[in-house]
Amino acid sequence: MRLTVDDSFDPIPSLSHLPTVGVTAAASGTEPEAHLVQAEAPLPAGAPTWEELAQVGFEGKAGQRVLLPGQPLRVLVGIDEFSSAALRDAGATAASAVPQSTNLTVHLPAAINQAIPSDRAQLVQALAEGVLLARYRYTPLKSADESPAFAHLTLVSDQPEVAEAARRGAVMARTTNLARDLANTPPRHLNADRLGAVAERLGHKFGLTVEVFGPEQLADLGLGGLLGVNAGSVEEPRMIKVSYRAGERQLALVGKGITYDSGGLSLKPSNPMHALMKSDMLGAGAILAAMTALADLEVDTSVTAWLMCTDNMPSGSSTKLGDVLTIRGGTTVEVKNTDAEGRLVLADGLVLAAESSPDAIVDVATLTGAALAALGPRSAALFANDDHLAHLVEAAAASTDETVWRLPLDARYRDQLKSHVADLSNIGGSYGGAILAALFLNEFVGEVPWAHVDIAGPMYSDQDDLWRVTGSTGFSARLLVELAQTFTTH
Ligand code: BES
Ligand code: ZN
Ligand code: ZN
């Protein structure tokens, strides 16, 4: 008998412990309070002077904080400017100053209360995101929690729209934390079948239509890439189609959902780092999470997601090097490296998405180590066949502070993907691996405007760094929500 996990295990624990947010005109004085202060700006009543604070190294600069003992405990958090990114960071600095406290009150600085309403909404949303993202921890598999789960954020403001902006920030944080949960869950606890069940549960809760396709249906649809990657596994593959129906504009999302990437017969070496390959489904996870925010944020774009889910395992039934797979639509691909599996499952998804003639397709995937090597862990690689779409993705990324950097779809490298026996090879030469993978995907989108986001770099944080806490970052979940929001009118 195969080892299985208790069906009652919850792969999305953060949803059962959602923190709440509220607004009040005056602090209760019973829980820790944070004040965001610019250098030399007026300090709250009873605080030390700037001269005294300078002696303990607090000058009001971004990233600096000082605790003022007393009842209530107060935290002064430095802030340099009033941008969304700065507010998100300041929220995270405040929240991590009181890791043992389940509640926090943040006083909105005068500059925010006096800002024009649209700016104020953006800043307040980012502040709430920063607090709630920074206090995320993945604990369901620990016998004892180290720090208590965050429960309630109170913002002190006399402005009416602050409550709505804070609510939107909480939805955004919930979205990223959901993607984090999915990617942090070990592969035994979250295979493709369970991911399908989670999607159905989320669809029910958040007003989405969810269809889950099993192996026979995948064969009927001719998804030779997904089936070929799954061939070595004892687990069944799934394609999960998630739809949100709203406005006229149609956005299609395609996600790499490799629940564990061993490399297949091109086996990865036994390196502890490869525990991260449980997160090789973050593309699919971030898309699924993003879908759950659309109704709550009244997004007026119709969005359809295609999540291509399986693990990539070696066995007697695995796809072999030299095998040829037929992608939906008939393109044949010679598999020269079974570890370049993401592009095989995405190819099927991109063909399906393109068949529905959407206004744009965006795929998200932890696709290449080369993207991590090129840009490091702070930026995703962006590729696009359409400048306007690329700019929309860049703008969304700037607004959520999930950095993307565009790399070229350089057609001069296309010849490296030729095969003697098939239409394409699934790998090229040794250099420019992120570009080669993108060129491969480009073969399957036809003329539809398309962007590809390779999130292999920023998928994971190896340290607590403001709101980017250790573990899966959930990268791109908020970016995709923001993109769907702006796509309505652009
Ligand atoms: N999932 C990996 C890429 C990856 C590496 C993601 C590091 C996150 C962190 C992908 O399936 C893979 O193994 N790619 C190969 C492609 C190569 C065989 C052409 C790689 O990048 O080495
Ligand atoms: Zn791989
Ligand atoms: Zn992979």
Side-chain angles (χ1 to χ4, degrees), residues 179 183-184 187 192 195 225-226 228-233 237 254-286 307-314 318-323 325 333-349 363-381 383 407 413 416-417 419 424-441 452-462 471-476:
N184 281 327
L195 200 47
L226 180 55
V229 172
N230 177 257
S233 181
V254 179
K256 172 176 176 182
I258 301 296
T259 56
Y260 180 68
D261 183 10
S262 75
L265 289 181
S266 311
L267 192 63
K268 290 180 186 292
S270 194
N271 179 329
M273 280 303 285
H274 291 146
L276 296 187
M277 287 303 122
K278 69 179 180 182
S279 305
D280 211 19
M281 37 56 69
L282 180 58
L307 312 179
M308 314 305 287
C309 307
T310 175
D311 53 4
N312 180 26
M313 296 295 285
S318 289
T319 292
K320 303 165 184 76
L321 308 198
D323 268 338
L325 305 176
V333 179
E334 182 182 9
V335 177
K336 291 188 188 163
N337 189 322
T338 60
D339 199 10
E341 83 297 343
R343 62 198 74 183
L344 298 171
V345 306
L346 289 172
D348 281 328
D363 78 74
V364 186
T366 49
L367 203 61
T368 65
L372 171 60
L375 297 173
R378 288 299 291 260
S379 292
F383 298 86
L407 296 180
Y413 301 149
Q416 294 180 40
L417 296 174
S419 157
L424 286 173
S425 159
N426 80 325
I427 56 166
S430 312
Y431 303 114
I435 299 175
L436 290 166
L439 286 169
F440 181 92
L441 299 179
H452 157 58
V453 189
D454 187 337
I455 59 170
M459 70 186 253
Y460 180 78
S461 178
D462 60 8
S472 173
T473 55
F475 188 98
S476 80

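Both ligands and their constituent atoms are indexed starting at 1 by order of listing. All values below come from the heavy atoms of this structure, side chains included, with hydrogens, waters and symmetry mates left out.
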Would you confirm whether [X], through its side chain, and [Y], through its main-chain N or O, come within 3.5 Å as a donor-acceptor pair?
X    : Y    : answer
S318 : M313 : yes
N312 : T338 : yes
N184 : S472 : yes
S266 : N337 : no

**Study point:** With sequence neighbours excluded, residues passing side-chain contact (heavy atoms from CB on, under 4.5 Å) with Y460
**Key:**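 With neighbours one apart ignored, the set is L276, D462, T470.
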**Study point:** Sole residue of D280, D348, D363 in salt bridge (Lys or Arg N to Asp or Glu O under 4.0 Å) with K256
**Key:**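 Considering D280, D348, D363, a salt bridge (Lys or Arg N to Asp or Glu O under 4.0 Å) with K256 is found only for D280.
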Do any nitrogen or oxygen atoms of ligand 1 lie under 3.5 Å from a protein nitrogen or oxygen, and which ones?
from, atom 1, to, atom 2, distance (Å)
ligand 1, 1 (N), K256, NZ, 3.3
ligand 1, 1 (N), D261, OD2, 3.2
ligand 1, 1 (N), D280, OD1, 2.9
ligand 1, 1 (N), D280, OD2, 3.0
ligand 1, 1 (N), T366, O, 3.3
ligand 1, 11 (O), K256, NZ, 3.2
ligand 1, 11 (O), D261, OD2, 2.9
ligand 1, 11 (O), D339, O, 3.0
ligand 1, 11 (O), E341, OE1, 2.8
ligand 1, 11 (O), E341, OE2, 3.0
ligand 1, 13 (O), K268, NZ, 2.9
ligand 1, 13 (O), D339, O, 3.1
ligand 1, 13 (O), D339, OD1, 2.8
ligand 1, 13 (O), D339, OD2, 3.1
ligand 1, 21 (O), G369, N, 2.7

Point to revise | Min side-chain heavy-atom separation T319-L344 under 4.5 Å | key: no
Check your understanding: Which protein N, O or S atoms lie under 2.8 Å from the Zn ion (ligand 2), given by chain and residue number?
Key -> D261 OD2, D339 O, D339 OD1, E341 OE1
Point to revise | side chain to side chain contact (heavy atoms under 4.5 Å, CB included) assessment of T366 paired with D261 | key: CA-CA 10 Å; T366 49; D261 183 10; over 6 Å; no
Check your understanding: side chain to side chain donor-acceptor pair (under 3.5 Å): which pairs involve residues 367-376, sequence neighbours left out?
Key -> T368-D454
